[in-house]
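Notes to accompany the following structure.
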Number of protein chains: 2
Amino acid sequence: MPSQAEENYLKAIYHLGKQGCLSVNTNAVAKKMNTKASSVTDMLKKLAEKELVNYIKYQGVCLTDEGKRTASNIIRKHRLWESFLVEKLNFSWNEVHDVAEQLEHIKSQKLINELDVFLNFPTHDPHGDPIPDKEGNVQKSQKIFLSQINPGVSCSCAGVKDSADNFLQYLDKNNIALGTNIQVIVKEPFDESLILKINHSTLTISKEIANNIYVKIN
Amino acid sequence: MPSQAEENYLKAIYHLGKQGCLSVNTNAVAKKMNTKASSVTDMLKKLAEKELVNYIKYQGVCLTDEGKRTASNIIRKHRLWESFLVEKLNFSWNEVHDVAEQLEHIKSQKLINELDVFLNFPTHDPHGDPIPDKEGNVQKSQKIFLSQINPGVSCSCAGVKDSADNFLQYLDKNNIALGTNIQVIVKEPFDESLILKINHSTLTISKEIANNIYVKIN
DNA sequence: GCCATTTTTTAGACTTGTCTAAAATTATTT
DNA sequence: AAATAATTTTAGACAAGTCTAAAAAATGGC
Ligand SMILES: [Mn+2]
Ligand SMILES: [Mn+2]
Ligand SMILES: [Mn+2]
Ligand SMILES: [Mn+2]
């Protein structure tokens with residue numbers, strides 16, 4: 001059974017390696033994990049030993065099927081716990097990450113199955129990210145950014161790209177939550193800033209903000 | 001902030017040291033923690049360094065006020081999580097301990113406060129043990145064993161002394177749960193075994209069993 | 001009060017996960 | 001195609017938590 005540290009590394013490699021095999025490099029993992037490259041190398045050797053990753057010296061690393069299964073199971077737990085915190089314990093979406101980061105490592109199959117039942121089989125976490133199923137399958141949704149929406153079109157918030165605390169707080173402050181209806185009124189050609197209509201009030205946002213919000217066209 | 005290992009030691013010392021100060025000896029801790037005495041000595045030195053215990057070489061150990069606060073907070077978390085698992089996630093009382101043993105170490109004040117609210121401020125866990133309040137105060141209940149009840153008297157199950165898995169399963173099998181009504185019909189003088197009436201059916205139990213069940217006289 | 005037994009501590013070793021500094025390898029310039 | 005720069009790995013160290021084996025202290029019997 002993988003240790004907490006191993007699980008965190010697997011998750012980091014999973015998130016970094018959306019492309020193909022042998023694509024994730026040591027420095028990228030070190031940056032994501034807030035450790036040094038030398039620590040990453042040590043861990044990669046251990047994970048390779050356990051056949052959770054394919055690792056070739058100097059070439060990069062990727063998850064094996066077993067590693068992928070393990071990683072997506074941790075992500076499943078992380079997102080189910082985030083959902084629990086928001087749905088049942090009055091957490092807001094910018095408060096859940098650190099706690100879920102701990103809860104995802106609790107070892108109990110029954111616990112996570114029953115949590116899933118208790119939450120009525122949610123498909124997405126509070127940030128709009130899909131919750132992998134028991135087999136590790138993740139629902140692939142083609143994500144559109146708010147920045148890609150043309151003036152006059154109405155859409156609703158389907159998630160965020162970067163769920164950094166201060167970004168989520170910005171959204172809260174401006175009454176944008178998961179599912180909130182957004183209409184693009186004007187797209188300024190000069191800086192690509194947008195004027196939106198949200199709940200009968202208008203809001204101007206920068207290109208950077210619009211590039212961090214996923215939407216679904218109504 | 002104490003590590004997971006430190007928290008487990010503090011809890012063990014707390015449970016062993018119901019008497020007075022300097023009463024808990026190294027071997028007792030080692031036995032409870034399933035470690036060797038030498039490991040305990042090492043840890044006691046570290047905990048003493050952090051002023052969580054008073055420790056005198058060869059004399060024994062006890063918790064400081066700060067240590068007591070920390071320990072009872074972990075026990076509070078343990079018992080709240082056990083309650084959650086039984087109340088909300090369909091765990092039975094013999095399945096909760098190992099999971100709560102992990103969950104008790106999650107660091108988040110908001111989490112435990114909200115869990116308390118969500119469960120509607122429970123006072124006892126699924127085994128009948130009192131849940132310490134935020135300040136660490138534990139409701140002291142004078143515990144009576146079923147073995148102390150005289151024939152003809154009616155009482156209800158208020159908890160168990162040893163919540164070992166196979167003991168709890170024995171109780172489940174015989175339809176004894178927290179709150180179950182129990183009437184003592186006969187107390188056999190020879191071996192102190194009891195004949196009970198539970199839900200209109202009779203059950204004979206040994207002295208050992210009766211010594212593990214706490215009851216409240218109706 | 002002394003000897004034997006038990007309890008407790010020390011000494012030294014090991015694993016996991018981390019670090020710094022130096023060496024090796026790969027990538028990029030010119 | 002070298003030389004330089006960047007990335008990655010190795011070497012050696014450290015803290016936490018554990019162990020075994022040996023030494024030290026306390027306890028109990030007589
Ligand atoms: Mn984590
Ligand atoms: Mn999330
Ligand atoms: Mn524990
Ligand atoms: Mn309990």
Side-chain angles (χ1 to χ4, degrees), chain A residues 1-14 16-17 19-63 67 70-71 74 101-102 104-107, chain B residues 1-13 16-17 19-63 67 70-71 74 101-102 104-105 107:
Chain A
M1 198 147 273
S3 71
Q4 202 154 312
E6 286 167 353
E7 289 186 345
N8 284 332
Y9 274 95
L10 288 174
K11 201 170 54 137
I13 297 166
Y14 183 97
L16 291 168
Q19 303 88 318
C21 204
L22 294 194
S23 59
V24 179
N25 40 276
T26 304
N27 268 354
V29 177
K31 191 172 179 191
K32 184 141 225 175
M33 295 286 301
N34 253 297
T35 56
K36 296 301 157 85
S38 56
S39 307
V40 175
T41 303
D42 288 349
M43 181 57 88
L44 294 185
K45 284 192 227 164
K46 201 185 350 163
L47 293 174
E49 191 64 45
K50 294 192 178 188
E51 304 197 66
L52 291 164
V53 301
N54 293 125
Y55 165 60
I56 302 174
K57 254 193 194 189
Y58 293 105
Q59 297 299 116
V61 70
C62 72
L63 298 176
T70 308
I74 299 157
E101 202 58 46
Q102 300 175 62
E104 69 189 359
H105 302 291
I106 303 292
K107 258 100 180 163
Chain B
M1 199 148 273
S3 72
Q4 201 154 311
E6 286 167 351
E7 288 186 345
N8 285 332
Y9 274 94
L10 289 175
K11 201 170 53 137
I13 297 165
L16 291 168
Q19 302 89 317
C21 204
L22 293 196
S23 59
V24 179
N25 41 275
T26 305
N27 269 354
V29 178
K31 192 172 177 190
K32 182 139 227 175
M33 295 286 301
N34 253 297
T35 56
K36 296 301 157 86
S38 55
S39 307
V40 175
T41 303
D42 287 350
M43 182 55 89
L44 293 185
K45 283 192 229 167
K46 203 187 345 163
L47 293 174
E49 190 64 45
K50 293 191 177 188
E51 303 197 68
L52 292 163
V53 301
N54 293 125
Y55 166 60
I56 303 173
K57 256 196 194 189
Y58 293 105
Q59 298 298 114
V61 70
C62 72
L63 298 176
T70 308
I74 299 158
E101 202 58 44
Q102 301 174 61
E104 69 189 0
H105 303 290
K107 258 100 179 163

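Within every chain, numbering begins at 1; the chains are lettered A, B, ... in the order of the sequence lines, protein sequences first and strands thereafter.
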Scan [X] against the nucleic acid and name what it touches under 4.0 Å (heavy atoms): base, sugar-phosphate only, or nothing.
X: A/A5; answer: sugar-phosphate
X: B/S39; answer: base
X: B/T26; answer: sugar-phosphate
X: A/N25; answer: sugar-phosphate
X: B/T35; answer: sugar-phosphate

Quiz prompt | Side-chain-base donor-acceptor pair under 3.5 Å for A/S38 and C/dT20 | solution =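 Indeed there is one.
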Practice problem: Please name the residue in the list B/E6, B/M33, B/K32, B/E101 that meets the side-chain contact (heavy atoms from CB on, under 4.5 Å) test with B/K11. | Solution: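 Of B/E6, B/M33, B/K32, B/E101, side-chain contact (heavy atoms from CB on, under 4.5 Å) with B/K11 is met by B/E101 alone.
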Quiz prompt | B/Y58 side chain, from C-beta outward: closest of C/dC19, C/dT9, D/dT9 | solution =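 The answer is C/dT9.
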Practice problem: Among the candidates C/dC19, C/dT8, C/dT10, find the nucleotide nearest to the side-chain atoms of B/N27. | Solution: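 For the B/N27 side chain, the nearest candidate turns out to be C/dT8.
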Practice problem: Check whether any side-chain heavy atom of B/L52 sits under 4.5 Å from a side-chain heavy atom of B/T70, and report yes or no. | Solution: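 They are in side-chain contact.
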Quiz item: Where each residue is assigned the nucleotide of DNA chain D containing its nearest heavy atom, which of B/M43 and B/K36 is assigned the position nearer the 5′ end?
Solution: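 Upstream on the strand: B/M43.
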Quiz item: Given that A/D42 and A/K57 both sit by DNA chain C, which one's nearest nucleotide is further toward the 5' end?
Solution: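 Its nearest nucleotide lies further toward 5', so the answer is A/D42.
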Quiz item: Do B/H105 and B/E7 have side-chain atoms, one donor and one acceptor, less than 3.5 Å apart?
Solution: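 Per modelled atom types, B/H105 and B/E7 side chains form a pair under 3.5 Å.
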